[in-house]
Amino acid sequence: QVHLVESGGGLVQAGGSLRLSCAASGRTFDSYVMGWFRQAPGKEREFVAAISRSGGITTYVDSVKGRFTISRDNAKNTVYLQMHNLKPEDTAGYYCAGRRTAVVVSTPRAYDYWGQGTQVTVSS
């Protein structure tokens, strides 16, 4: 199976920035659509962003548009989520996920591989 490991989470004040990374094992990373999801206590898992296999297509949930940017470096088997102007409402565990088709989708059940998550906490 493909293993995904997230990193880069932490505690930040409102208005600050963080960059999350997701490192994938294997040599077929460029075959996967990649996405970021988040889940806060008492909330359902929420789609955040996704990126196509070559990186040419990206999509975001409305609440993060203009603040978050998803990108990938296939040579490094890594996908990133750059987050600016963070808000307390962004506080959640953030999860990286991979999908074994070329279609970019936003539903968690459509993704095949998941990391263990990294916590993002935004104060104030």
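In what follows, every heavy atom counts, from backbone to side chain, and hydrogens, waters and symmetry copies are set aside.
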Does atom CG of Leu11 have more than 12 heavy-atom neighbours from other groups under 6.0 Å away?
yes
Quick check for you: to the nearest 0.5 Å, what is the distance between Thr78 atom OG1 and Met34 atom CE?
9.0 Å
Counting only heavy atoms not in Gln116 (residues, nucleotides, ligands), do more than 12 fall under 6.0 Å from its CD?
no
Minimum heavy-atom separation for Ala110 and Val105, please, with both atom names.
CB-CG2, 3.5 Å
Given side chain to side chain contact (heavy atoms under 4.5 Å, CB included), test Leu4 with Trp114 step by step and report yes or no.
CA-CA 6 Å; Leu4 305 175; Trp114 292 86; 5.6 Å; no
May I ask you to establish whether Arg19 and Trp36 are in a cation-pi arrangement, using a distance under 6.0 Å from NZ or CZ to the six-membered ring centre and at most 45° from the ring axis?
no
Hydrophobic cluster membership, Val104 vs Phe68, 4.5 Å side-chain cutoff:
yes
Ring centroids only, cut at 6.0 angstrom: are Tyr113 and Tyr32 within range, meaning strictly under it?
yes
Which pair of heavy atoms, one from Ser123 and one from Pro88, lies closest together, and at what distance?
O-CG, 4.4 Å
Is there a chain of hydrophobic side chains (I, L, V, M, F, W, Y, each step under 4.5 Å between heavy atoms) that links Val64 to Val33?
yes
Could you tell me whether the side chains of Thr101 and Arg99 share a donor-acceptor contact shorter than 3.5 Å?
yes
Stepwise, does the side chain to side chain contact (heavy atoms under 4.5 Å, CB included) test hold for Leu20 with Met83?
CA-CA 8 Å; Leu20 307 184; Met83 305 183 293; 3.8 Å; yes
Assess Arg38 against Phe47: is NZ or CZ under 6.0 Å from the centre of the six-membered ring, and within 45 degrees of the ring's axis?
no
Closest non-hydrogen atoms of Leu81 and Ala49, given as atom of the first, atom of the second and distance, are CD1-CB, 4.3 Å
Thr118 side chain to Gly9 backbone, donor-acceptor under 3.5 Å:
yes
Taking Val103 as the starting point, is it possible to reach Ile57 by hopping between hydrophobic residues whose side chains are less than 4.5 Å apart?
no
Check the pair Thr121, Val12 against side chain to side chain contact (heavy atoms under 4.5 Å, CB included), reporting the backbone distance first and the verdict last.
CA-CA 6 Å; Thr121 302; Val12 64; over 6 Å; no
Do the charged groups of Arg100 and Asp112 touch, with an N to O distance under 4.0 Å?
yes
Could you go step by step and tell me if Phe29 and Val79 meet the side chain to side chain contact (heavy atoms under 4.5 Å, CB included) rule?
CA-CA 10 Å; Phe29 178 71; Val79 63; 4.3 Å; yes
Is it true that Lys87 and Asp90 make a salt bridge, defined as a side-chain N closer than 4.0 Å to a carboxylate O?
no
With a 6.0 Å cut-off on ring centres, are Tyr95 and Phe37 close enough?
no
Once rounded to the nearest 0.5 Å, what's the spacing between atom OG of Ser25 and atom CG of Asn77?
8.0 Å
Just verifying a value: how many Å separate Arg53 CZ and Arg72 CZ, rounded to the nearest 0.5 Å?
9.0 Å
Do you know which two heavy atoms are closest between Glu6 and Cys96, and how far apart they sit?
OE2-N, 2.8 Å
Atom SG of Cys22 and atom OH of Tyr94: how far apart are they, to the nearest 0.5 Å?
15.0 Å
